[in-house]
Amino acid sequence: MSFTTTIQAAAIESLEELYDHQFSDKDFQVNETKPEFEGDYTIVLFSLLKPLKESPDNLGKKLGNLILKKNASFFSGYNIIKGFLNLSVKDGALVALLQKNYNDICFGKKALSHKKVMVEYSSPNTNKPLHLGHLRNIFLGWSVAEILKATGCTVYKSSIVNDRGIHICKSMIAWEEFANGATPASTHTKGDHFVGDYYVKFNDEYKEEVSELVRNGVEKTRAEKDAPIMKKTQQMLLDWENGKPEVMELWSKMNGWVYEGFDETYKRLGSDFDKTFYESNTYLLGKDFVQEGLSKGTFHKKEDGSVWIDLSDVGLDEKLLLRGDGTSVYITQDIGLVKQKFEEYKLDKSIYVIGDEQIHHMKVLKEICRKLGMPFADKIIHLSYGMVELTTGKMKSREGTVVDADDLVDEMVETAKKHTEELGKVKDFTEDELKDLYETLGLGAMKFYLLRVDPKKRMVFNPEESIDFHGFTGPFVQYTYARIKSILRKVEEQGASDNSQSKITNEEKLFPLERELIIFLEKYLNVISQAAEELNPSVIANYVFHLAKTFNSFYTEHSVANAESEEKKTLRVHIAVMTATVIKSAMQLLGIKVPERM
RNA sequence: GGCCCCGUAGCUCAGUGGAUAGAGCAACAGCCUUCUAAGCUGUGGGUCACACGUUCGAAUCGUGUCGGGGUCACCA
């Protein structure tokens, strides 16, 4: 049980004894005391004054005295300022916390939840490489999955690959027309970039053909339909749907190239999936329930044979589910796949990490499931996040105004190298160590940058300014970790006994920064729960930054290896070890590695 | 136009019912014979978009206004 809940419980117990009345944690708040006041935790009394007909002073005194009496080993005193009852925790109670097994505190997995959850993220198209927007998506999804695991959930990471459709055919046609049999291998190009280049080539050629037609007096919308390359692409899509062998072969060959490229990127990013769905396997799934919906009367058919659902009773529009020609649309496939997921994995929750432009779509999806009486309709959760935009506006892959994921990673790693060299630290490492370090730092900076902000806020990325390595950043936290490890190495060299195993004396008087650190470390499990509840990794990022910052202050103020006494040294080694453990754990939840040295 | 999200220091963001609203960046002033200065300490910088309301108490809740974005496809 955490300190705040312990205190809440103690207060309830005392209140009930004093007033012969039932209290709950909703009746009053327990906060951390603001630094400008004496005390560690504050019980806010205002909300209790009226129902108990007490003055702040009277209630504060009665409650303060009783809590102190009943928990003499935990609290050392109290003060009352206005309606705030400030309680001070005994040094001994804080020290006792350090004597617990570090792993219990950091990775206690008190199993707050045993839910089975699927987190679906990344979900790329196979006609172009991953870009900055995918990175936010991937880091978010991966991190949320880790956070949920840390609370005890069983998590399946999944991705749905959009491997079919007109956009794929565009790359395919362009390759047929212009590649002369070139391959990623023959051109030494990463597969996804290779295919993406043909997607761009398609659009260039298409634009050219359209303007050519317009010059010859064809109306623009007409020209867009009649451009020869577009007609070929449409035909190819039909051939694909009919399973024409040459087309299928080309399709799997080119997708194969893309997957090789994606795998390389995912591997470098440290991202992975337990299950990958392919749209080519699932796009027909939804058709079954269309019949079901029609017979139930939930759906209706129009004269042209198209199938619709009316959602106007819940404030949404009429939505198409099946075209007149019997082909399904996006949402139809979605419903089919949702059903399959819940049934196959027996999920309690399915989280979709998708941009906020699809909020409406996901609302419609949920609503249709609900109207069909699917029991999991309310377990569909859309974790929506704001788009990443550039200072020059939106990213558009067709126009080449995207920040490519691989390029950005390269750049970040390069920046890490530059910083390290400038600081003159290169000589301490071997070539291989440096390579690892640059990856760790570059990726750390990038992941932290994308995760430290509330997911739902859109963010503007300025490609001109490289991501920072100072202040509220990944490398700042990584640096703190490396320094702690350095201290611990030194302590070990000093030898004799292994300090982290030896006992600390409860009598030790704590300095303010020592207290602050222990109290802050104690909060970690609460922070994980909050992040899990909000599906928000930025909660973790803010916490771990603050922790690192506090440790850095402590670091300058107090020496560990050369502490003023053996007792102090032991105590501080415990604090350092625990801080390092929490930093490593928290960063891991963000998908960020921490270096032993930097 | 309907619905949804956002508006906090020059910039990027925390804080979502409690005390005098906090960080980072940028600016300025200090700190390396002492565990790694990618660090630490300090200074300046705010009608929390605006208005009204609810409350003992509002950046936080409600209503309205203004500004920015998204969405309302037989696209995915």
Side-chain angles (χ1 to χ4, degrees), chain A residues 28-29 31 33-34 36-37 42 44-47 49-50 56 81-84 86 123 125 162 164-167 279 283 302 304 306-308 315-325 327-334 355-361 363-364 384 386-387 389 394 416 419-420 422-423 425 428 441 445 449 452-454 456-460 462 465 468-480 482-491 493-494 538-539 541-543 545-546 548-549 551-563 569 572-573 576 597-598:
Chain A
F28 60 95
Q29 287 178 38
N31 299 334
T33 305
K34 299 236 163 187
E36 55 268 35
F37 299 97
T42 297
V44 184
L45 303 174
F46 293 105
S47 54
L49 299 179
K50 213 185 247 175
I81 298 169
K82 292 195 267 178
F84 301 97
N86 301 321
S123 307
N125 292 354
N162 185 2
R164 48 143 249 130
I166 191 80
H167 43 288
E279 214 189 279
Y283 81 110
K302 291 198 177 175
D304 64 351
S306 57
V307 177
W308 299 74
L316 300 164
D317 302 316
E318 205 178 26
K319 179 79 193 169
L320 176 93
L321 294 161
L322 212 59
R323 295 189 187 99
D325 63 6
T327 56
S328 59
V329 291
Y330 185 51
I331 200 143
T332 325
Q333 313 168 22
D334 261 2
D356 60 9
E357 55 193 358
Q358 292 199 42
I359 290 176
H360 180 258
H361 173 84
K363 233 191 240 174
V364 170
S384 78
M387 296 284 106
E389 287 174 26
K394 284 194 178 177
H419 281 296
T420 309
E422 276 169 11
L423 289 164
K425 296 190 172 189
D428 303 334
L441 296 180
Y449 176 85
R452 66 179 203 188
V453 187
D454 187 330
K456 67 170 177 280
K457 293 206 175 176
R458 66 196 191 94
M459 57 195 303
V460 177
N462 186 351
E465 296 169 14
D468 219 323
F469 277 58
H470 302 272
F472 185 19
T473 67
F476 174 96
V477 180
Q478 290 170 320
Y479 179 64
T480 307
R483 285 213 297 194
I484 296 174
K485 291 311 246 187
S486 173
I487 294 172
L488 297 175
R489 260 176 261 127
K490 178 160 183 171
V491 170
E493 273 169 34
Q494 289 174 337
S538 81
V539 171
N542 278 286
Y543 171 81
F545 169 68
H546 192 126
K549 181 129 185 77
F551 188 88
N552 286 337
S553 300
F554 164 82
Y555 178 94
T556 17
E557 185 107 354
H558 306 290
S559 180
V560 177
N562 302 311
K569 181 172 165 183
R572 287 179 191 159
V573 168
R597 291 191 299 145
M598 70 185 270

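Values in this document were obtained by computation on a predicted structure and should not be read as measured data. By convention in this document, chain letters (A, B, ...) are assigned in the order of the sequence lines, proteins followed by strands, and residues within each chain are numbered from 1.
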Taken to the nearest whole Å, CG/A:Leu441 to P/B:U36 is 17 Å
Rounded to the nearest 0.5 Å, how far apart are OG of A:Ser123 and CD of A:Glu279?
10.0 Å
When you measure only distances, ignoring hydrogens and angles, does the side chain of A:Asn86 come within 3.5 Å of the base of B:A19 through a donor and an acceptor?
yes
Just by modelled atom types, is the A:Ala482 backbone N or O under 3.5 Å from a matching donor or acceptor in the A:Ser486 side chain?
no
Determine, for nucleotides 54-60 of chain B in 5'-to-3' order, which nucleotides have protein heavy atoms under 4.0 Å from the base (write B), from only the sugar-phosphate (write S), or from neither (write -).
--B----
Donor-acceptor pair under 3.5 Å, A:Lys34 side chain vs B:U20 base:
no
I'd like the C1' distance from B:G24 over to B:U60, given in whole Å.
23 Å
Complement of B:A9, any strand, by Watson-Crick or G-U distances under 3.5 angstrom
none
Taking atom C1' of B:U12 as reference, at what distance in whole Å does atom CZ of A:Arg458 sit?
13 Å
Just jot down the side-chain contact (heavy atoms from CB on, under 4.5 Å) partners of A:Ser328, sequence neighbours excluded, or say none.
A:Lys287, A:Leu322, A:Thr332, A:Gln333
What contact category does A:Val44 fall into here, base, sugar-phosphate, or nothing, at under 4.0 angstrom with non-hydrogen atoms?
base
Would you classify A:Lys456 as touching base, sugar-phosphate or nothing, given that sugar-phosphate means primed atoms plus P, OP1 and OP2, and contacts are heavy atoms under 4.0 Å?
sugar-phosphate
I need the CG-P distance between A:Asn462 and B:G10, as an integer number of Å.
20 Å
At under 4.0 Å between heavy atoms, what does A:Met387 touch on the DNA or RNA strands: base, sugar-phosphate, or nothing?
nothing
Quick one: label A:Ala576 by what it contacts on the DNA or RNA (base, sugar-phosphate, nothing), any heavy atom closer than 4.0 Å.
nothing
Is the ring of A:Phe545 stacked on the base of B:A23, with centres less than 5.5 Å apart and planes under 30° off?
no
When all nucleic acid strands are considered with a 4.0 Å heavy-atom cut-off, which category describes A:Gln358: base, sugar-phosphate, or nothing?
base
Using whole Å, what does the distance between atom P of nucleotide B:G2 and atom NE2 of A:His360 come to?
15 Å
A:Ile331 atom CD1 is separated from B:C72 atom P, nearest whole Å, by 11 Å
What interatomic distance, in whole Å, is found between C1' of B:G18 and the corresponding atom of B:A76?
48 Å
Pairs: protein N or O with nucleotides 40-44 of chain B N or O, under 3.5 Å:
{"from": "B:C40", "atom 1": "OP1", "to": "A:Lys549", "atom 2": "NZ", "distance (Å)": "3.4"}
{"from": "B:C40", "atom 1": "O2'", "to": "A:Thr556", "atom 2": "OG1", "distance (Å)": "3.4"}
{"from": "B:U41", "atom 1": "OP1", "to": "A:Ser553", "atom 2": "OG", "distance (Å)": "2.8"}

Confirm from the modelled atom types if A:Ser538 and B:A14 form a donor-acceptor pair under 3.5 Å, side chain to base only.
no
Measure the distance from NE2 on A:His470 to C1' on B:A38 and round it to the nearest whole Å.
5 Å
Its glycosidic angle compared against 90° from 0, B:C6 adopts the form anti
A:Tyr555 OH - B:C31 C1' separation (whole Å):
14 Å
Taking atom types as they are modelled, would you say the side chain of A:Asp454 forms a donor-acceptor pair with the base of B:C13 within the 3.5 Å cutoff?
no
For A:Phe37 and B:A19, do the ring centres fall under 5.5 Å apart while the planes stay under 30° apart?
yes
Looking at A:Arg452 and A:Phe472, would you say the former's side chain and the latter's main chain have a donor-acceptor pair under 3.5 Å?
yes
With the side chain counted from C-beta on, respond yes when A:Val44 and A:Phe84 share a heavy-atom pair under 4.5 Å apart, and no when they do not.
yes
Under 4.0 Å, heavy atoms only, any strand: does A:Thr42 hit a base, just the sugar-phosphate, or nothing?
base
Heavy atoms only, 4.0 Å cut-off, all strands: where does A:Thr420 land among base, sugar-phosphate and nothing?
base
